[in-house]
Amino acid sequence: MVSFHPKLCYNLSMKLISIPKDKYDDYRLDVIFNGYKWDPQFMDSSTIAEHVLVITEEEHEELEKLTEKLAGETMQAEEIINKNQKLAKPLSLPRKIQKELKRMGNYQANRHIRLMRFDFHPTREGQWVLSEVNSDVPGGFAEASIMPKIAANLFERERYRFKNFGEILASAIVGKVKSGRKIMLVHCTSYSDDRQVMQFLGDKLQDIGYTAIYAAADHLRFENNKAISLLDGNTGKIDAIIRFTPLEWLVKMKGEAIWSGYFDTTTVSCNHPIAVYTQTKRFPLVWDLLEKHGADLSAWREHLPETLEVRAARNKEGFIYKPVYGRTGENISIKEACIDDEYEKIIKDVKRNPKSYIAQKRFNSKPVQSENGEEYHVCLGSFVVDGKAAGYYARASKTPRIDSSAADIPVLIEKNMKSSNHIETTRAATGSVKQPVKNLYREAYMTWASGNSIWSKWVRPVPFIVRSYTNQTQNMPYATQGIPYLESLMPDTAIILDLPSCIGIIEGADLARIGWRPIPLYNGTTEQPGAIALVDNTGINTALLHFADLLEENEIIEDAPPVFLLDSNRMFCNKANISVFDNSWDVYEQDMPSPKFFLNNGINKIILCGHKIHRDIHKILYKYQTKGMTILYTNGVDPPTKVVIKKPLELRRLAFLIDAISMVH
């Protein structure tokens with residue numbers, strides 16, 4: 001039993017240390033290529049911090065005690081609810097999940113791997129406040145494992161240490177699954193930011209003797225409560241499931257037979273769906289009932305701000321609204337952190353869907369200061385695996401809301417030099433970082449993402465993180481044809497080339513000769529060995545290598561306008577059968593610069609070149625248009641002509657519903 005002092009006031013001494021400026025560019029590249037950070041940019045914000053978060057040994061020890069106490073209370077609460085499922089009513093779980101709760105009667109905690117992450121924030125009162133638990137599918141695996149290892153090598157090795165989350169999770173898997181067995185890494189295969197988490201873990205599992213299978217949730221079937229893979233080239237019995245698809249997403253898949261088996265499978269799982277009870281932020285609404293059944297929730301009560309139903313908080317001051325299943329900080333009603341009319345939209349949605357939100361008393365976040373006076377609000381996520389503290393994943397933001405625009409920041413522990421009981425983690429800090437990617441691709445990325453351009457940070461690294469099982473370096477014919485629809489450089493104009501496969505790269509090279517800066521936005525992942533993929537990325541990967549040399553020969557000026565390269569095949573998502581690997585993808589608003597960034601840098605026009613305006617681009621162009629940018633379209637032959645982008649259909653429907661609700665209220 002871990003001793004815990006619920007009234008303890010913490011003397012918070014954490015600090016930010018700047019990564020040396022002359023080392024940051026190499027650090028960023030190492031984090032991208034060796035640290036599985038495939039999403040280094042979110043709209044105009046870098047997601048790789050320029051600092052390291054340092055906590056003291058004392059803070060580390062207190063956090064570990066608190067984390068383990070909270071984990072014990074959380075797992076006890078889950079088992080009480082699971083045995084008394086009427087207690088779950090105030091949680092207002094999705095109906096499809098409610099139907100499956102009885103299936104979890106065979107749950108045995110010691111059979112599965114229980115992974116959680118508790119998110120802490122320092123306050124001006126000098127205490128830790130808990131904002132939530134990521135109980136179902138927490139992220140940040142590589143950021144809590146390799147990122148601190150890379151950062152530690154930049155500083156005095158004997159001064160800092162860290163806990164390697166990946167090693168701890170791998171040890172837990174070894175304790176439950178025999179070596180040489182098959183482990184399916186279930187995730188949304190269309191999302192590269194999900195794949196990067198799974199790829200990190202999969203590579204680690206491969207290194208210690210397991211077979212890692214990357215697959216979607218619908219690639220599993222269950223026979224006699226055992227998991228069976230349906231993925232092309234990888235069929236058969238599965239010995240463990242590492243799930244990264246959230247439960248509330250899982251049950252939205254068509255066909256109950258596809259996902260219902262997850263709830264009562266005896267196949268080793270991380271995480272088992274029992275996590276749904278505490279993943280919902282409505283969890284505090286059942287505390288009184290749980291305590292009547294013997295639950296100890298003292299740590300939760302001490303550290304989580306007061307949490308109420310939306311309607312119960314309407315006449316109270318100091319409360320904010322949070323989505324019940326929010327995971328990345330979006331749609332939290334911290335007014336000063338909201339952009340444009342975001343706050344008003346959140347409040348309208350709260351009125352329309354009060355059960356989808358909870359009201360939480362706002363705490364007084366204390367920003368952490370760096371040695372040069374910069375201040376950042378910090379969320380320190382503390383992992384726990386099977387009840388034991390397992391390392392940290394932190395994010396830093398200029399605003400009190402820690403959302404997708406926040407930067408990932410490594411956490412180091414400043415050693416107490418009088419103590420000598422930290423040999424294991426100190427050795428980890430001095431070890432070498434694995435180099436899973438050929439230098440050839442890293443060098444190509446560096447060419448495309450040339451540091452002298454303000455647009456280079458938007459180059460997506462995914463196609464350069466090549467994990468292909470085909471010959472990527474094969475020779476291919478590349479015939480450039482010139483640019484018939486443009487005669488000369490237009491410094492106030494950005495271009496989006498939405499063309500199939502590598503054609504956009506070829507045309508981007510031609511535009512580079514005129515003076516534009518090509519920016520690849522390709523984001524499609526690579527299929528599992530032996531599987532058939534929906535989108536063939538081979539031509540893209542090969543062309544990026546081929547044209548890197550030609551791009552280097554062109555002297556593109558520093559402030560050259562950008563041309564963004566997309567694969568129009570990305571949206572081909574019609575599966576012939578369930579066994580196909582879906583690596584189709586969309587481009588999102590956060591993948592490109594904001595309208596404000598464009599306008600501030602002299603870009604007030606966008607030319608879209610493609611065979612049609614795809615729905616994902618349509619949404620982005622509409623946003624640009626509303627901010628005063630001119631949109632032009634060309635089919636690749638005719639001169640660009642101005643077009644008016646209509647409001648996307650789903651936005652029109654949403655506006656109608658909001659107006660209707662507003663009239664009622």
Q) Cut-off 3.5 Å, side chains only: do S404 and E330 have a donor facing an acceptor? A) yes

Q | Note: D26-K23 ion pair, threshold 4.0 Å (strictly below) | A | no

Q) Under the 6.0 Å and 45° cation-pi test, does R117 pair with Y393? A) no

Q. Do Q41 side-chain atoms and M43 backbone N/O form a donor-acceptor pair below 3.5 Å?
A. yes

**Q.** L185 and L201, any side-chain heavy atoms less than 4.5 Å apart
**A.** yes

Q: Measure from NZ or CZ of K398 to the centre of the six-membered ring of Y376, then state whether that distance is under 6.0 Å and the direction lies within 45° of the axis.
A: yes

Q) Can R517 and D559 be counted as an ion pair, charged N to O under 4.0 angstrom? A) no

(Q) I'd like to know if the side chain of H121 pairs up with that of S365 as donor and acceptor (distance under 3.5 Å, no hydrogens or angles considered). (A) no

Q.
With a 4.5 Å cut-off on side-chain heavy atoms, are M592 and L521 touching?
A. yes

Q) What is the minimum heavy-atom distance between R195 and T526, and which atoms define it? A) NH1-O, 2.6 Å

Q: Check the surroundings of atom CZ in F597: do more than 12 heavy atoms from other residues, nucleotides or ligands lie under 6.0 Å from it?
A: yes

Q: Would you confirm whether S145, through its side chain, and G166, through its main-chain N or O, come within 3.5 Å as a donor-acceptor pair?
A: yes

**Q.** Qualifying residue for salt bridge (charged side-chain N to carboxylate O under 4.0 Å, His left out) with R460, from D567, D193, D39, D591
**A.** D591

**Q.** Donor-acceptor contact present, side-chain T47 to main-chain P40, <3.5 Å
**A.** yes

Q.
Please determine whether a side-chain nitrogen of the Lys or Arg among E248 and R327 lies less than 4.0 Å from a carboxylate oxygen of the Asp or Glu.
A. yes

(Q) For a 4.5 angstrom cut-off between non-hydrogen side-chain atoms, does L534 reach V580? (A) yes

**Q.** Results of salt bridge (Lys or Arg N to Asp or Glu O under 4.0 Å) for D341 - residues two or more places apart only
**A.** K345

Q. Are D44 and K457 ion-paired here, with the side-chain N under 4.0 Å from a carboxylate O?
A. no

Q: Would you please name every residue forming a ring-ring contact (aromatic ring centres under 6.0 Å, His included) with H187, sequence neighbours left out?
A: none

Q.
Tell me whether N635 contacts the main-chain N or O of D638 through its side chain, where contact means a donor paired with an acceptor under 3.5 Å.
A. yes

Q.
Do E527 and I532 make a side-chain contact, defined as non-hydrogen atoms from C-beta onward lying under 4.5 Å apart?
A. no

Q.
Could you report the tightest heavy-atom contact between A512 and I556, atom names first, then the distance?
A. CB-CD1, 4.0 Å

Side-chain polar contacts of residues 483-493 - donor-acceptor pairs under 3.5 angstrom, sequence neighbours left out - could you list them?
unit_1, atom_1, unit_2, atom_2, d
Y485, OH, E507, OE2, 2.5
D492, OD2, K605, NZ, 2.8

Q. Out of I465, V197, D203, V31, which residue meets the side chain to side chain contact (heavy atoms under 4.5 Å, CB included) rule with Y36?
A. D203

Q: Would you indicate whether the side-chain heavy atoms of L16 and V52 approach each other to under 4.5 Å?
A: no

**Q.** Given F33, W38, Y445, the one that forms ring pair (Phe, Tyr, Trp, His ring centres under 6.0 Å) with F464
**A.** Y445

Q. Going by atom types only, do N523 and S192 share a side-chain donor-acceptor pair under 3.5 Å?
A. yes

**Q.** Any donor-acceptor pair under 3.5 Å from S501 side chain to I503 backbone
**A.** no

Q: Could you pull out the closest heavy-atom pair between T189 and A215, with the gap in Å?
A: CG2-C, 3.7 Å

**Q.** Nearest non-hydrogen partners of T245 and L250, listed with the distance
**A.** CG2-N, 4.2 Å

(Q) Suppose we screen for salt bridge (Lys or Arg N to Asp or Glu O under 4.0 Å). Which residues come up paired with E374, at least two apart in sequence or across chains? (A) none

Q.
Once salt bridge (Lys or Arg N to Asp or Glu O under 4.0 Å) is applied, do any residues pair with D403, and if so which ones, sequence neighbours excluded?
A. R401

Q: Check whether any side-chain N or O of N583 sits under 3.5 Å from a backbone N or O of V535 as a donor-acceptor pair, and report yes or no.
A: yes

Q.
Show, in sequence, the C-alpha distance, side-chain angles and deciding distance for F42 and W458, and conclude whether the ring pair (Phe, Tyr, Trp, His ring centres under 6.0 Å) test is met.
A. CA-CA 9 Å; F42 184 91; W458 276 278; over 10 Å; no

Q: Inspect the contact between K612 and D498 and indicate whether a charged nitrogen and a carboxylate oxygen are less than 4.0 angstrom apart.
A: no

Q | Side-chain ion pair, D586 and R570, N-O less than 4.0 Å | A | no

(Q) Less than 3.5 Å apart, any donor N or O on the side chain of N541 or N537 sitting next to an acceptor on the other? (A) no

**Q.** Closest non-hydrogen atom pair between P518 and G508, with its separation
**A.** CG-O, 3.5 Å

Q: State, without any angle test, whether D349 and N331 hold a side-chain donor-acceptor pair at a distance under 3.5 Å.
A: no

Q: Using the test ring-ring contact (aromatic ring centres under 6.0 Å, His included), find all partners of H614 that sit at least two apart in sequence or belong to another chain.
A: none

Q) Ion pair present between E589 and K623, side-chain N to carboxylate O less than 4.0 angstrom? A) yes

Q: Spell out, as yes or no, whether a donor-acceptor pair under 3.5 Å connects the side chain of Y633 to the backbone of G610.
A: yes

(Q) Please find the pair of heavy atoms, one from C609 and one from G636, that lie closest to each other, and give the distance. (A) SG-CA, 3.6 Å

Q) With a 4.5 Å heavy-atom cut-off, do I495 and W516 have their side chains touching? A) yes

Q | Note, L544 side chain near W448 side chain (heavy atom, < 4.5 Å) | A | yes

(Q) Is the shortest side-chain heavy-atom distance between E371 and I17 below 4.5 Å? (A) yes

